[in-house]
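Because the structure is predicted, anything quoted here is derived from the model rather than measured. So you know, we letter chains A, B, ... as the sequences are listed, proteins then strands, and number each from 1.
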Amino acid sequence: MTWNINSLRLRLPLLQQIVMRDQPDILCLQETKVTDDLFPAESLTALGFEYQHFTGMKSYNGVAILSRTPFIRVLETPIWCEKSDCRHNAVEIGDASKPITIHNFYVPAGGDIPDPVENPKFAHKLRFLDEVTAWFAAHRPERAILVGDLNTAPLEQDVWSHKQLLNVVCHTEPEVRRHVAWQNTGFTDVMRVMVPADQKLYTWWSYRNRDWAASDRGRRLDHIWVSDDIAARFETMRVLRDIRGAAGPSDHVPVFADIAL
DNA sequence: ATGGTTGGGTTCCAA
């Protein structure tokens with residue numbers, strides 16, 4: 001399960017409800033917004049996740065991988081864009097003789113103006129996508145799962161209005177082109193294996209909306225990719241849309257997939 | 001064209 005939780009400490013009670021109901025074996029979180037010394041490790045152990053790999057900072061970003069079963073190895077991850085800003089971590093799990101690698105990403109959102117000259121945050125996002133693509137092209141994924149808030153909605157039906165969002169950050173051509181190039185280093189988009197590309201599919205709804213469910217102006221910003229060699233192991237996928245309607249929600253909802261390893 | 005809300009800081013920034 002992957003979820004941009006938008007503050008781990010604030011949403012621990014909601015996380016507990018989700019874990020009780022959906023029983024994920026491995027949980028990848030983004031925007032934990034907590035430094036490592038304040039990480040609520042004991043609460044998460046009590047929820048069943050004895051094995052934890054997290055990297056966080058004050059106020060912003062932060063990623064965590066939580067597992068019921070041991071990690072074989074915690075992986076070193078590259079420094080992207082010369083920033084140590086807690087946007088990526090990775091582990092190996094499963095059978096030590098044939099481990100599965102899990103990458104957990106929080107891609108820069110990119111700010112408001114879709115112009116790398118005017119907006120340094122957009123330039124950072126494009127550069128981040130270029131760097132991760134080059135890295136995965138040089139280290140082709142095998143027995144790998146990549147999840148997270150990738151902050152791009154690549155397909156027309158990944159947004160509520162393709163035409164109206166063509167110049168909105170997360171759906172512009174330069175972002176989509178890079179996002180697709182990254183996926184094409186060797187990953188299958190398992191959400192779109194399950195839900196055909198001509199059907200609407202969202203994982204995020206803005207807080208800035210009177211009635212998110214009625215207007216349903218969503219975007220698919222969260223993704224689960226599986227390396228092509230194990231794509232056939234993938235069994236189910238669910239977007240937990242109802243979590244957006246919970247009390248005190250994140251603006252993102254969890255995405256759940258079952259993969260036989 | 002505009003403004004709408006949330007979280008984690010502090011008196012604003014990022015999303």
Side-chain angles (χ1 to χ4, degrees), chain A residues 2-18 28-40 43 54-64 80-81 83-88 104-116 118-129 147-154 158-161 163-172 174-176 178-179 202-223 240-255:
Chain A
T2 178
W3 190 24
N4 179 322
I5 195 168
N6 188 16
S7 175
L8 170 57
R9 285 176 295 174
L10 186 71
R11 255 173 276 287
L12 260 177
L14 183 55
L15 179 64
Q16 179 168 21
Q17 288 179 37
I18 295 167
C28 295
L29 301 174
Q30 305 88 35
E31 281 205 271
T32 53
K33 293 186 174 179
V34 61
T35 51
D36 294 348
D37 56 316
L38 296 174
F39 192 86
S43 303
F54 48 84
T55 175
M57 56 195 280
K58 191 172 171 178
S59 306
Y60 306 112
N61 312 336
V63 286
W80 306 112
C81 306
K83 294 174 194 285
S84 297
D85 55 354
C86 307
R87 294 181 177 277
H88 176 207
N104 182 28
F105 273 96
Y106 175 53
V107 173
D112 290 329
I113 304 162
D115 181 333
E118 265 188 83
N119 174 10
K121 289 185 213 163
F122 193 70
H124 177 212
K125 182 178 195 172
L126 297 184
R127 185 174 164 205
F128 189 99
L129 291 169
V147 306
D149 177 3
L150 306 187
N151 261 319
T152 294
D158 290 339
V159 293
W160 62 275
S161 170
K163 279 178 76 172
Q164 281 170 270
L165 274 77
L166 269 173
N167 203 32
V168 171
V169 172
C170 85
H171 196 59
T172 67
E175 294 164 272
V176 169
R178 286 169 173 83
H179 177 98
Y202 312 139
T203 65
W204 174 91
W205 293 261
S206 174
Y207 285 129
R208 304 177 194 179
N209 210 308
R210 270 174 215 290
D211 188 337
W212 72 273
S215 57
D216 199 22
R217 294 187 167 191
R219 307 176 187 176
R220 183 169 72 111
L221 303 179
D222 303 276
H223 298 270
L240 306 187
R241 182 186 163 106
D242 66 311
I243 298 303
R244 187 63 180 79
S250 168
D251 44 357
H252 296 253
V253 298
V255 185

Apply the side chain to side chain donor-acceptor pair (under 3.5 Å) test between A:Q30 and each candidate in A:N151, A:D149, A:N6, A:T2; give the one that qualifies. A:T2

Rounded to the nearest 0.5 Å, what's the gap from CG on A:D211 to CG on A:N209? Could you check? 7.5 Å

Taking atom P in both B:dT2 and B:dG7, what distance in whole Å separates the two? 27 Å

Classify every nucleotide of nucleotides 10-15 of chain B by which part a protein heavy atom approaches to under 4.0 Å, writing B for the base, S for the sugar-phosphate alone and - for neither, in 5'-to-3' order. ----SB

Would you indicate what A:N6 reaches in the nucleic acid, counting non-hydrogen atoms under 4.0 angstrom: base, sugar-phosphate, or nothing? sugar-phosphate

Would you say the side chain of A:P249 lies within less than 4.5 Å of the side chain of A:I243, judging by non-hydrogen atoms? no

Between A:W212 (CH2) and B:dT6 (P), how many Å, whole number? 14 Å

Stepwise side chain to side chain donor-acceptor pair (under 3.5 Å) check, A:K33 with A:N61: CA-CA 6 Å; A:K33 293 186 174 179; A:N61 312 336; over 6 Å; no

Find which nucleotide of DNA chain B each of A:R217 and A:L8 is nearest to by heavy atoms, and output the residue with the more 5' nucleotide. A:R217

B:dG7 phosphate, OP1 or OP2, under 4.0 Å from A:R11 side-chain N/O: yes

Rounded to the nearest 0.5 Å, how far apart are CE of A:M57 and OG1 of A:T32? 10.0 Å

The salt bridge (charged side-chain N to carboxylate O under 4.0 Å, His left out) partners of A:D216 (sequence neighbours excluded) come to A:R241

Separation of B:dG7 atom C1' from A:Q30 atom CD, nearest Å, is 16 Å

